[in-house]
Asker: 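The structure that follows is given in the form of structure tokens.
Remember, it's 1-based here, ligands and their atoms both numbered in the order they're listed. This structure is a prediction, so every number in the text was calculated from the model and none was measured.
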Amino acid sequence: MLVDRFGRPLLKLRVVVNDVCNFSCVFCHFEGQRPMSGVLSPEDIGFAAMVFRKLGVGDFKITGGEPLLRRDIVEVVREIDKCGPEDISMTTNGLLLERLSGPLADAGLRRVNVSLHSLRRDRYRRIMGVDALERVVRGIHMAVDSGLQVKINVVLLRENMDEVPDIINFASKLGARVQIIELMPVNDGLTIFDKMYVDVNRLVDLLMATRGARLVGTRRDLHNRPVLEVDGVRVEIVKNWNNPTFCAACTTMRLTSDGKLKTCLYRDPVVDLYPAIRARDEERLMDLIRRANSLREPRWRLEAGAGAPANRHLQ
Ligand code: SAM
């Protein structure tokens with residue numbers, strides 16, 4: 001297992017499989033991407049996954065762009081599955097889930113995070129730029145029916161804070177989980193930050209005071225995320241902004257669609273893996289991954305917290 005200079009193991013990899021999207025969410029951080037120089041094929045991704053796996057990475061999260069827009073997305077999942085991962089999941093806007101859930105589950109996908117920032121049609125369209133709520137909800141049902149574990153991703157905004165209990169209720173009926181993500185001031189997220197940002201701690205306080213929310217755990221394996229139980233639903237709190245405790249348990253890196261490794265969403269790609277992946281050069285790829293790992297550093301540090309509002313809700 002690789003461990004960085006700050007004692008943080010590398011356990012997970014976000015695999016950004018494309019840079020295109022069929023939505024235009026008002027806050028999109030674009031996973032901090034840049035124009036592509038060449039896209040990794042499913043076999044390239046499978047090879048990279050195998051090497052990461054040998055270095056101790058067990059969880060692979062497929063994201064984009066919008067990953068379901070890749071015509072070979074089922075193949076991508078199948079290739080990653082070959083390395084014997086502990087988990088393969090995907091983050092998607094869900095528009096194409098109705099058709100693809102079954103094939104994705106058959107290929108080895110286990111979990112899906114569907115971004116659903118509102119259940120009100122007008123608001124959904126305003127936030128996500130597309131009038132697609134009904135179709136996405138059908139896709140979510142299909143994902144559940146296909147045996148995928150579903151988590152609903154909600155980016156918390158001033159505009160949708162009042163809807164969180166409804167979304168939790170929706171998840172409860174499906175046996176799904178919820179993840180509340182604090183708005184990040186990156187790319188479009190920066191443009192609307194002053195107008196839309198809400199500290200997730202405010203929501204947690206509100207859920208505790210009005211919905212009987214209880215703290216039932218903390219995800220030490222990922223960002224020290226507080227886990228609440230609200231009306232029988234597990235709700236993860238992603239307080240990513242200005243939070244040293246979040247960075248202290250960062251266990252992940254990002255592989256961009258053109259084969260570069262990013263140590264942090266807030267940083268430019270640091271190491272280009274593309275040539276080594278294309279050459280199927282396992283030894284060189286391991287060296288490059290080790291080099292990138294040695295460059296990982298927390299965006300916010302505990303000792304340099306300077307009064308930063310950390311997770312107040314930790315178990
Ligand atoms: N297109 C897919 C989707 O919409 O889920 C996957 C890519 S999207 C960049 C990955 C996740 O990041 C989604 O849950 C999205 O809502 C979230 N996200 C995007 N921009 C964000 C921001 N500025 N702050 C916090 N979360 C953001």
Side-chain angles (χ1 to χ4, degrees), residues 12-34 60-70 73 76-77 89-97 100-101 104 109 111-118 123-130 132-133 135-137 139-140 143 148 150-161 163-164 167 171 176-200 203 222-223 225 235-243 246 252 254-257 262 264-266 299:
K12 302 171 193 289
L13 184 70
R14 285 183 80 89
V15 184
V16 181
V17 295
N18 60 6
D19 300 72
V20 290
C21 191
N22 42 1
F23 278 32
S24 48
C25 300
V26 287
F27 46 69
C28 188
H29 55 36
F30 301 104
E31 297 255 11
Q33 290 169 52
R34 296 175 149 195
F60 296 86
K61 163 78 78 191
I62 298 167
T63 183
E66 171 46 45
L68 296 184
L69 287 178
R70 256 188 93 138
I73 190 64
V76 170
V77 173
S89 61
M90 179 184 290
T91 302
T92 171
N93 60 38
L95 189 70
L96 302 175
L97 260 185
L100 286 167
S101 286
L104 287 168
L109 194 73
R111 300 187 300 109
V112 72
N113 289 47
V114 185
S115 301
L116 185 73
H117 313 296
S118 174
R123 192 183 271 178
Y124 182 97
R125 186 175 43 203
R126 207 164 42 245
I127 296 174
M128 317 217 22
V130 180
L133 177 61
R135 197 164 150 194
V136 168
V137 169
I140 293 173
L148 294 170
V150 173
K151 203 185 270 183
I152 306 293
N153 278 13
V154 184
V155 173
L156 186 66
L157 305 168
R158 264 180 223 168
E159 190 179 357
N160 65 2
M161 185 154 158
E163 258 197 85
V164 172
I167 296 174
R177 295 177 178 185
V178 173
Q179 179 161 283
I180 308 289
I181 309 170
E182 195 168 59
L183 179 67
M184 300 169 87
V186 178
N187 284 319
D188 287 351
L190 178 60
T191 321
I192 62 153
F193 196 73
D194 287 345
K195 221 169 66 189
M196 295 277 203
Y197 172 78
V198 184
D199 183 333
V200 277
L203 176 75
L222 188 60
H223 301 143
R225 297 174 177 184
V235 180
E236 279 181 35
I237 304 297
V238 185
K239 172 148 187 61
N240 49 50
W241 174 239
N242 208 0
N243 182 4
F246 178 92
T252 189
R254 274 180 171 74
L255 179 63
T256 65
S257 57
K262 281 176 72 112
C264 172
L265 180 64
Y266 288 102
R299 170 73 172 76

Asker: Could you list which atoms of ligand 1 come closer than 4.0 Å to a heavy atom of Cys28?
Answerer: 20 (N)
Asker: Hey, what do you get for CE (Met128) to CG (Asn22), rounding to the nearest 0.5 Å?
Answerer: 9.5 Å
Asker: May I ask you to check whether Arg14 has an N/O atom sitting below 3.5 Å from an N/O atom of ligand 1?
Answerer: no
Asker: Below 3.5 angstrom, do we get any N/O pair linking His29 and ligand 1?
Answerer: yes
Asker: Is any N or O atom of Gly64, backbone or side chain, closer than 3.5 Å to an N or O atom of ligand 1?
Answerer: no
Asker: In terms of ring plane angle, is the pair Tyr266 and Trp241 parallel, tilted or perpendicular, where the classes change at 30° and 60°?
Answerer: tilted
Asker: What are the atoms of ligand 1, with element, lying closer than 4.0 Å to any heavy atom of Gly65?
Answerer: 1 (N), 2 (C), 6 (C), 7 (C)
Asker: Should you measure from each heavy atom of Asn153, which atoms of ligand 1 turn up under 4.0 Å away?
Answerer: 14 (O)
Asker: Any atoms of ligand 1 less than 4.0 Å from a non-hydrogen atom of Ser115? List them with their elements.
Answerer: 3 (C), 4 (O), 5 (O), 13 (C), 14 (O), 15 (C), 16 (O)
Asker: Counting only N and O atoms by type, is there a donor-acceptor contact under 3.5 Å from the side chain of Asn240 to the main-chain atoms of Glu182?
Answerer: yes
Asker: Applying a strict 4.0 Å limit to heavy atoms, is Gln179 in contact with ligand 1?
Answerer: no
Asker: Which ligand 1 atoms are under 4.0 Å away from a heavy-atom of Glu66?
Answerer: 1 (N), 2 (C)
Asker: Run down the list Val155, Ile192, Thr91, Leu116 and name the one with the heavy atom closest to atom 10 (C) of ligand 1.
Answerer: Thr91
Asker: So, is Pro67 polar-close to ligand 1, with some N/O to N/O distance under 3.5 Å?
Answerer: no
Asker: Supply the atom-to-atom distance Ile140 CD1 to Leu148 CG, rounded to the nearest 0.5 angstrom.
Answerer: 12.0 Å
Asker: What atoms of ligand 1 come within less than 4.0 Å of a heavy atom belonging to His117?
Answerer: 16 (O)
Asker: Going by the salt bridge (charged side-chain N to carboxylate O under 4.0 Å, His left out) test, which pairs reach into residues 189-198, not counting sequence neighbours?
Answerer: none
Asker: Compare all side-chain heavy atoms of Phe30 with those of Val186 and state whether any distance is below 4.5 angstrom.
Answerer: no
Asker: Which residue, Thr91, Thr63, Asn153, forms the side-chain hydrogen bond (donor to acceptor under 3.5 Å, both in side chains) with Asn113?
Answerer: Asn153
Asker: Keeping the roles fixed (side chain from Arg70, backbone from Val17), state whether a donor-acceptor pair exists under 3.5 Å.
Answerer: yes
Asker: Below 4.0 Å from any atom of ligand 1, is there a heavy atom belonging to Met128?
Answerer: no
Asker: Check ligand 1 against Ile181 and write out every atom of the ligand that is under 4.0 Å from a heavy-atom position of the residue.
Answerer: 25 (C), 26 (N)
Asker: I'd like to know whether Gln179 forms a side-chain contact (heavy atoms from CB on, under 4.5 Å) with Val238, so could you lay out the CA-CA distance, the side-chain angles of the two residues, the decisive distance to 0.1 Å, and finally the verdict.
Answerer: CA-CA 7 Å; Gln179 179 161 283; Val238 185; 3.6 Å; yes
Asker: I need the contact type for Thr92 against ligand 1. Using non-hydrogen atoms and a strict under-4.0 Å cut-off, is it side chain, backbone, both or neither?
Answerer: backbone
